[in-house]
Amino acid sequence: HSSSQTEVQRQRNFRDQTKLETEKNNAIKTIETALLQRVADSEERIKSQVEAEKLEQLALKEQEAKMVERLLESQLVMNQETRDNVMREHRRNLLELEEGMTVQKLRYKRKKHERLAA
């Protein structure tokens with residue numbers, strides 16, 4: 001009689017253990033899914049931000065080019081060499097601006113990935 005109670009208890013323990021493992025596995029899957037969704041959402045936000053920054057950069061370039069063009073047109077007495085120098089300086093400033101924005105984007109991405117990894 002005692003061995004049958006022991007067997008019943010063993011079966012009950014096995015069922016309980018199986019149930020706990022199933023619950024643990026389900027919890028792990030839920031966490032994995034949530035993390036993958038967070039990563040996907042973050043990647044989508046980063047893509048959107050990069051696209052917005054590209055549009056902003058383009059708008060800045062166009063605005064600055066128009067401003068330089070108007071400045072050059074208003075300076076009719078300026079000779080061609082001076083105009084070329086002004087345009088070279090303008091292009092150099094644009095490149096520095098773009099490089100600065102790129103560095104900022106890389107820092108932002110690195111910090112974002114560090115936060116996600118934490």
Side-chain angles (χ1 to χ4, degrees):
H1 184 70
S2 146
S3 68
S4 68
Q5 285 179 336
T6 306
E7 183 60 31
V8 168
Q9 185 61 38
R10 234 184 267 142
Q11 289 176 359
R12 197 174 290 141
N13 288 344
F14 180 76
R15 273 197 315 269
D16 290 348
Q17 183 179 357
T18 303
K19 182 180 177 188
L20 287 174
E21 285 194 26
T22 301
E23 289 172 359
K24 180 182 86 172
N25 289 337
N26 288 340
I28 289 171
K29 286 179 186 175
T30 301
I31 292 169
E32 286 176 343
T33 301
L35 286 175
L36 289 173
Q37 186 60 48
R38 277 182 62 191
V39 168
D41 291 347
S42 293
E43 287 174 349
E44 193 59 39
R45 275 195 303 278
I46 289 171
K47 285 179 187 176
S48 296
Q49 289 169 346
V50 167
E51 194 59 39
E53 288 172 2
K54 284 181 184 177
L55 292 173
E56 183 181 349
Q57 265 185 319
L58 184 60
L60 282 172
K61 281 183 187 179
E62 290 174 0
Q63 182 181 2
E64 211 170 305
K66 287 178 184 175
M67 187 174 66
V68 169
E69 195 175 306
R70 274 188 256 128
L71 175 68
L72 291 177
E73 287 172 358
S74 69
Q75 301 294 322
L76 295 176
V77 293
M78 195 182 293
N79 66 25
Q80 189 61 41
E81 181 181 346
T82 304
R83 286 179 190 215
D84 290 344
N85 287 339
V86 169
M87 287 307 292
R88 266 194 299 281
E89 180 69 18
H90 167 66
R91 283 191 216 91
R92 190 177 64 73
N93 288 339
L94 278 179
L95 286 174
E96 287 177 9
L97 176 68
E98 288 175 4
E99 287 172 4
M101 290 179 86
T102 300
V103 168
Q104 285 177 339
K105 280 190 265 185
L106 290 173
R107 281 189 195 131
Y108 175 79
K109 284 182 183 178
R110 189 186 77 236
K111 286 180 183 179
K112 190 77 164 172
H113 284 292
E114 286 173 358
R115 277 188 259 138
L116 285 174

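Legend: side chain to side chain donor-acceptor pair (under 3.5 Å) pairs involving residues 87-96, not counting sequence neighbours, sorted by first then second residue: Glu64-His90, Asn85-Arg88, Glu89-Arg92, Arg92-Glu96. Residues in residues 106-118 take part in these salt bridge (Lys or Arg N to Asp or Glu O under 4.0 Å) pairs, two or more places apart or across chains: Arg110-Glu114. The list of salt bridge (Lys or Arg N to Asp or Glu O under 4.0 Å) pairs with a residue in residues 9-18, not counting sequence neighbours, reads Glu7-Arg10.
For Thr33, the side-chain contact (heavy atoms from CB on, under 4.5 Å) criterion is met by no residue, not counting sequence neighbours. Residues satisfying the side chain to side chain donor-acceptor pair (under 3.5 Å) test with Lys61, not counting sequence neighbours, are Glu98. For Asp84, the side chain to side chain donor-acceptor pair (under 3.5 Å) criterion is met by Gln80, not counting sequence neighbours. Residues satisfying the side chain to side chain donor-acceptor pair (under 3.5 Å) test with Asn26, not counting sequence neighbours, are none. Residues passing the salt bridge (Lys or Arg N to Asp or Glu O under 4.0 Å) test with Glu23, sequence neighbours excluded: none.
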When the side chains of residues 49-58 are checked against the rest of the protein, which donor-acceptor pairs come out under 3.5 Å, sequence neighbours left out?
| residue | atom | partner | partner atom | Å |
| --- | --- | --- | --- | --- |
| Gln49 | OE1 | Tyr108 | OH | 3.0 |
| Gln49 | NE2 | Tyr108 | OH | 3.1 |

Kindly list each side-chain donor-acceptor pair under 3.5 angstrom involving residues 39-46, sequence neighbours excluded, with atom names and distances?
| residue | atom | partner | partner atom | Å |
| --- | --- | --- | --- | --- |
| Asp41 | OD1 | Gln37 | NE2 | 2.7 |
| Ser42 | OG | Arg38 | O | 3.0 |
| Ser42 | OG | Arg45 | NH2 | 3.3 |

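Once rounded to the nearest 0.5 Å, the distance linking NZ of Lys24 with CD of Glu21 reads 5.5 Å. Distance check: Lys29 NZ to Leu36 CG gives 13.5 Å after rounding to the nearest 0.5 Å.
Hydrophobic cluster membership of Val103, counting Ile, Leu, Val, Met, Phe, Trp and Tyr whose side-chain heavy atoms lie under 4.5 Å apart directly or via other members: none, as it forms a cluster of its own.
Side-chain N/O atoms of Gln17 and Asn13 include no donor and acceptor closer than 3.5 Å.
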